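All ligand and atom numbering here is 1-based and tracks the order in the structure. For clarity, every value in this text was computed on a predicted model and none was experimentally measured. Heavy-atom basis, side chains included; hydrogens, waters and symmetry copies ignored.
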Amino acid sequence: MNESIQREGIGMTSLRTRRRLVDRLRLDGIQSETVLAAIQNTPRHLFIDQALAHKAYEDTALPIGQNQTISQPFVVALMTELLMQSSIPMNKVLEVGTGCGYQTAILSQLVKWVFTIERIGSLQQQARERLPGLGYRNISYLNGDGFEGWSSNQPFDGILVAAAPKEVPQTLLEQLAVGGRMVIPVGDGARQDLRIVTRTEGGFSEEIRNGVRFVPMLNGHKI
Ligand code: SAH
């Protein structure tokens with residue numbers, strides 16, 4: 001199959017199928033048309049195993065190997081929308097949990113530069129090889145532990161965390177710019193709360209949203 005047909009998709013991966021997903025996300029409450037356009041333009045079927053491609057535009061999480069999952073499109077859209085509602089421009093955004101790079105691709109279309117950290121080297125390697133070929137180039141990669149953030153590139157205007165810690169990591173709070181926001185699932189059960197933390201002149205303000213389901217954020221990293 002030639003590259004552009006592969007990217008545009010056919011049948012269950014076609015533009016029509018993707019539009020159906022976007023319509024559903026809109027009905028489920030996603031309001032940002034720029035976020036919805038990014039979802040529509042991103043070939044999610046190329047981020048997962050070919051055997052699962054026919055499910056790529058269903059609103060579900062799917063396995064990506066190493067016991068990890070590609071996040072559910074609704075959750076990607078919601079977290080991105082919440083991040084973009086910040087009062088400052090999103091020039092530098094830190095993503096924790098690159099996984100297959102799908103959320104990274106969405107962010108790269110909406111912000112100036114994405115810094116993405118993944119603790120499992122082999123997963124990140126795949127994303128690193130895949131994303132530039134699809135045209136997503138404003139991205140720096142680190143195989144490391146998201147609990148430590150990325151101090152040499154701080155402060156970040158936005159931080160999006162795709163794995164759930166038990167508490168908001170202090171180091172990440174410290175790496176947030178004043179006016180910036182972090183969107184992060186927090187909790188240790190099967191379901192967690194989504195927290196939206198904004199850094200103010202004097203401290204932090206926090207909002208809590210409905211339950212979400214993420215893999216746990218784990219300490220340390222492996223190549
Ligand atoms: N955004 C990804 C979702 C991946 S699932 C996607 O769209 O595919 C969450 C990812 O977070 C997993 O790949 C997991 O390995 C990673 N992760 C968990 N704890 C981490 C940590 N401390 N630092 C960096 N990545 C971590």
Side-chain angles (χ1 to χ4, degrees), residues 21 25 35 38-39 41-49 52-53 55-83 93-111 114-131 134 136 139-151 153-154 156 158-173 175 182-188 190-192 194 212-223:
L21 169 65
L25 298 179
V35 171
I39 299 256
N41 293 333
T42 307
R44 191 170 184 255
H45 62 286
L46 300 182
F47 289 80
I48 55 180
D49 197 276
L52 292 171
K55 291 189 170 183
Y57 300 97
E58 290 176 14
D59 190 22
T60 51
L62 295 166
I64 54 169
Q66 308 271 353
N67 270 329
Q68 305 302 324
T69 55
I70 180 172
S71 306
Q72 182 192 351
F74 176 75
V75 175
V76 170
L78 177 65
M79 290 178 81
T80 310
E81 179 170 83
L82 290 167
L83 191 77
V93 170
L94 177 68
E95 178 191 38
V96 174
T98 317
C100 67
Y102 176 69
Q103 170 83 70
T104 322
I106 300 287
L107 286 172
S108 102
Q109 295 166 70
L110 301 170
V111 312
V114 187
F115 297 85
T116 187
I117 307 180
E118 169 59 56
R119 66 183 292 277
I120 303 175
S122 59
L123 267 185
Q124 193 178 52
Q125 188 54 33
Q126 285 176 23
R128 214 190 257 260
E129 286 164 14
R130 176 184 292 132
L131 287 161
L134 293 171
Y136 309 113
I139 303 165
S140 303
Y141 301 84
L142 176 69
N143 174 212
D145 182 352
F147 279 107
E148 291 168 17
W150 196 333
S151 57
N153 288 298
Q154 61 143 337
F156 298 100
I159 300 181
L160 192 155
V161 183
K166 295 189 173 100
E167 288 164 36
V168 179
Q170 186 61 33
T171 309
L172 294 184
L173 289 172
Q175 295 186 10
M182 165 154 54
V183 182
I184 179 168
V186 178
D188 59 2
R191 287 188 82 81
Q192 307 96 23
L194 198 56
V212 285
R213 196 187 299 255
F214 276 89
V215 296
M217 185 160 164
L218 302 173
N219 280 299
H221 77 285
K222 50 183 183 179
I223 297 168

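- Ligand 1 lies nowhere less than 4.0 angstrom from a heavy atom belonging to Thr104.
- Side-chain contact check for Ile64 versus Tyr102: every heavy-atom pair is 4.5 Å or farther apart.
- Of the listed residues (Thr98, Thr80, Thr42, Thr116), just one forms a side-chain hydrogen bond (donor to acceptor under 3.5 Å, both in side chains) with Gln103, and that residue is Thr80.
- For ligand 1, none of its N or O atoms has an N or O atom of Val215 under 3.5 Å away.
- Nearest protein heavy-atom neighbour of atom 12 (C) of ligand 1: Gln68 OE1, 3.2 Å.
- Checking only distances, Cys100 does come within under 3.5 Å of ligand 1, N or O to N or O.
- Val75 places a side-chain heavy atom less than 4.5 Å from the side chain of Phe214.
- Within ligand 1, counting atoms from 1 as listed, the ones closer than 4.0 Å to a heavy atom of Tyr102 are 7 (O).
- Considering both main-chain and side-chain atoms, Gly146 comes within under 3.5 Å of ligand 1 through a nitrogen or oxygen pair.
- Contact between Pro185 and Ala163 at its shortest, heavy atoms only, is CG-O, 3.7 Å.
- Nearest non-hydrogen protein atom to atom 9 (C) of ligand 1 is Ala162 O, 3.3 Å.
- Nearest protein heavy-atom neighbour of atom 19 (N) of ligand 1: Leu218 N, 3.0 Å.
- The heavy-atom pair separating Arg44 from Ala61 by the smallest distance is NH2-CA, 4.4 Å.
- Contact check for Pro73 versus Tyr57: no side-chain heavy atoms found under the 4.5 Å cut-off.
- Polar contact check, Glu118 against ligand 1: a nitrogen or oxygen pair lies under 3.5 Å apart.
- Nearest protein neighbour of atom 5 (S) of ligand 1, counting heavy atoms only, is Thr69 O, 3.3 Å.
- Taking all heavy atoms of Ala127, Gly97, Ala61, Pro165 into account, the minimum distance to atom 10 (C) of ligand 1 is reached by Gly97.
- At a cut-off of 3.5 Å, with distance as the only test, a side-chain donor of Ser122 or Gln66 sits close to an acceptor on the other residue.
- Nearest heavy-atom pair across Leu134 and Leu46 is CD2-CD1, 3.8 Å.
- Atom 7 (O) of ligand 1 has as its closest protein heavy atom Gln103 N, 3.4 Å.
- Here's the thing with Ala163: none of its N/O atoms is less than 3.5 angstrom from an N/O atom of ligand 1.
- Among all heavy-atom pairs drawn from Cys100 and Ala127, the shortest one is O-CB, 3.8 Å.
- Of the residues Leu82, Ile184, Val186, the one that meets the side chain to side chain contact (heavy atoms under 4.5 Å, CB included) test with Leu194 is Leu82.
- With a 4.0 Å cut-off on non-hydrogen atoms, Leu123 touches ligand 1 through its side chain and not its backbone.
- The part of Ile120 lying near ligand 1 is the side chain, judged by heavy-atom distances below 4.0 Å.
- What sits closest to atom 25 (N) of ligand 1 on the protein, heavy atoms only, is Arg119 N, 3.3 Å.
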